Number of protein chains: 6
Amino acid sequence: MTFIIRREHFSAAHRLFIPEFSDEENFEVFGKCSNPNWHGHNYILFITIKGEPDPKTGLVIHLRHVSKLIDEKILKKIDHKNLNLEVDFLQGKVPTSENVAIGIWNELAGDISRFGGTLHCVRLEQSENNIIEYYGE
Amino acid sequence: MTFIIRREHFSAAHRLFIPEFSDEENFEVFGKCSNPNWHGHNYILFITIKGEPDPKTGLVIHLRHVSKLIDEKILKKIDHKNLNLEVDFLQGKVPTSENVAIGIWNELAGDISRFGGTLHCVRLEQSENNIIEYYGE
Amino acid sequence: MTFIIRREHFSAAHRLFIPEFSDEENFEVFGKCSNPNWHGHNYILFITIKGEPDPKTGLVIHLRHVSKLIDEKILKKIDHKNLNLEVDFLQGKVPTSENVAIGIWNELAGDISRFGGTLHCVRLEQSENNIIEYYGE
Amino acid sequence: MTFIIRREHFSAAHRLFIPEFSDEENFEVFGKCSNPNWHGHNYILFITIKGEPDPKTGLVIHLRHVSKLIDEKILKKIDHKNLNLEVDFLQGKVPTSENVAIGIWNELAGDISRFGGTLHCVRLEQSENNIIEYYGE
Amino acid sequence: MTFIIRREHFSAAHRLFIPEFSDEENFEVFGKCSNPNWHGHNYILFITIKGEPDPKTGLVIHLRHVSKLIDEKILKKIDHKNLNLEVDFLQGKVPTSENVAIGIWNELAGDISRFGGTLHCVRLEQSENNIIEYYGE
Amino acid sequence: MTFIIRREHFSAAHRLFIPEFSDEENFEVFGKCSNPNWHGHNYILFITIKGEPDPKTGLVIHLRHVSKLIDEKILKKIDHKNLNLEVDFLQGKVPTSENVAIGIWNELAGDISRFGGTLHCVRLEQSENNIIEYYGE
């Protein structure tokens, strides 16, 4: 079993809150992450793809394809954006790291299959201390 | 499957030795880590918890709870301490990274269940070159 | 000459723009950093203080004092906040890394003198690729 | 289940190309990595070994043995070398990270068994953005 | 005094040797870095520019300009290349980190002046353990 | 002006205390760093040397010489040791990072001159958050 991992990063603003909750209730659940004026992060993203190296090229998948795919399906929509207001695949979700990682998985999984690999893990580091890994359902 | 990973760190002194061995025998087994006058490390600790994001909040577990739990059950006992002399859950154990990781697992696993998650991995980096991962029995 | 450096970090949202400019003009000057819906960063902050180690204690300055000072004068105002809207010492400034670093310098310099050290450098890493260092006027 | 991970690093030159392809075809497949005049990397290598801590010593395996083994079987052959021309266990292979990781696995797996552990993973970071993990067949 | 620092990276092959020396003499001077079949590194480059923030924009210099300049004058010539054979500004020099840093300085200093800043430092990390800083003559 | 920086690391135990003080007084001054049972750190050490690159070799100084010197004069005495009890050049000093950095400077400065360079800075990172830089008197 061979896995190839691509690291990317993006910067974004967000706010964790449930619209039907008051600011006090949201602060109770999400702490300072519910600040109504937003805050933001430098996110580090690791995309892990499973596959077999091609016997001729020695490559599981062409990283240029993966990189271009992540750029078009994810980074262009999410980098230097507001995760609550501007990202189509996060609409109606609280933009926790969990939900962002799941959203990225759903955007990428099908296309990676088309390139001959299998999406294995989306790892999202919101800060050096707080990390999410999602392996699909 | 969603995993949430919390990074913490602590600094501690220790000595690797087996009491019934001579200093020479201990040096044979543990090398310079058996120095009778102690040495120490900055340990980096990663606690991985498995769970399902709450559909409403998008959170696997409240990180504040995890963080407070790690602080009370682990860091207060272990940070700026002597692993051989002062840590209740390491008594009678050689404080190798293996045993420290297992000890931390045993301290945390039950309480994390009570918060609705499942402890999945304790990763302990004793230095940038030497790392232990423990996944339970 | 001895320097002591304390590393801290904070997460914040911001937008680079000049109010009297149109969105197009702001985009021309600031690129994607002028996104009207904000974006954000994990900032890493290094505060360098110059001083002489006390002959008795071997310390230039008590780090607990420095750390508490940075927490009260900077982090409480700036962490998980919006740099454009919520930070008193940045009012009326475009919150570029340059201006944030200068603002932090002005907040800290006087108080550090009172502790017997001299503020030497504010280093602000907005991302791993973009860094500002400010050494005072 | 306990895993011990050892981090090592080496620097090497390589070129990705298939001998029967023209330079243009190789460039099509491998991009700038097919530069005929070579290029190179600082590789970071993580060797993960699975085992049970010895009840007496608390050690899964003696890291000195692992470290010496990696040094003799891998680093002496590969560090400051040309991966295409000088490494016996890569002869006839395109030295992609995939093939280098697989080659390292094949060199180490047997000897690690002899020390009482089981080779679990070879992780090879060719750069901070491109990483391979190999877990055996 | 305000400094802005831009981090970039490139990968390259090189060999340290003096043509009129024998392989033995070169090995005596440069150790394993004189391997005739080349080796290589991931270089990390930090370009520090001194200047005054513009009172209106709060920027010392437009990072897009700096980034584009480094890309055109340095990275396009040096990334995934052979430092001995392919880089015009290193011709006739032993490609030690010292000489590469000085070469980069000479390529960039004039153009940075034209953008209104002053090149202050070229920092080149050949590995995490070996670093050069050059501040001009 | 060219500077060459060598990174090394060591692990050690220490305790910050003034012998004529009570445990309470030491705790008042040094906080948890005065724990009578010791604690420890992984220290990262950066040695900066100033010099001119040799016109023939392109080297400021032979890193092998520097590395061997640091190993013999510093690391053999200090790595996996107790800074209070076992290090000759720290006798009678409180082993704060300030005093350790100054002690390392005094051990190295003369020998580096003999190799044709000038010791410029000793940087000692006791943790990722607490760093000392010493530039001589």
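All chains are named by letter (A, B, ...) in the order of the sequence lines, taking the proteins before the strands, and each is independently numbered beginning at 1. Every value quoted in this text rests on a predicted model; they were computed, and no experiment measured them.
- Looking at B:Arg64, the atoms closer than 4.5 Å to chain A (heavy atoms on both sides) all sit in the side chain, from C-beta outward.
- Listed here is the closest heavy atom pair of A:Phe30 and B:Thr57: CE2-O, 3.6 Å.
- Looking at A:Glu125, there are no atoms closer than 4.5 Å to chain B (heavy atoms on both sides), in backbone or side chain.
- The aromatic ring centroids of A:Tyr135 and B:Phe3 lie less than 6.0 Å from each other.
- Heavy atoms of B:Leu63 lying under 4.5 Å from chain A belong exclusively to its side chain.
- No donor-acceptor contact under 3.5 angstrom links the side chains of B:Arg6 and A:Asn129, judged on distance only.
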* Where do B:Lys56 and A:Glu20 land on the salt bridge (Lys or Arg N to Asp or Glu O under 4.0 Å) test, with the steps shown first? -> CA-CA 11 Å; B:Lys56 194 168 189 73; A:Glu20 51 266 37; 3.3 Å; yes

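- Using modelled atom types, one side-chain atom of A:Thr96 and one backbone atom of B:Gly58 make a donor-acceptor pair closer than 3.5 Å.
- Residue contact with chain B, scored on non-hydrogen atoms closer than 4.5 Å, involves the side chain of A:Ile18 exclusively.
- Listed here is the closest heavy atom pair of A:Glu98 and B:Val60: OE2-N, 2.8 Å.
- Counting heavy-atom pairs closer than 4.5 Å to chain B, the top-ranked of the candidates A:Ile102, A:Leu16, A:Val122, A:Asn130 is A:Asn130.
- Heavy atoms closer than 4.5 Å to chain B are found in the side chain of A:Phe21, but not in its backbone.
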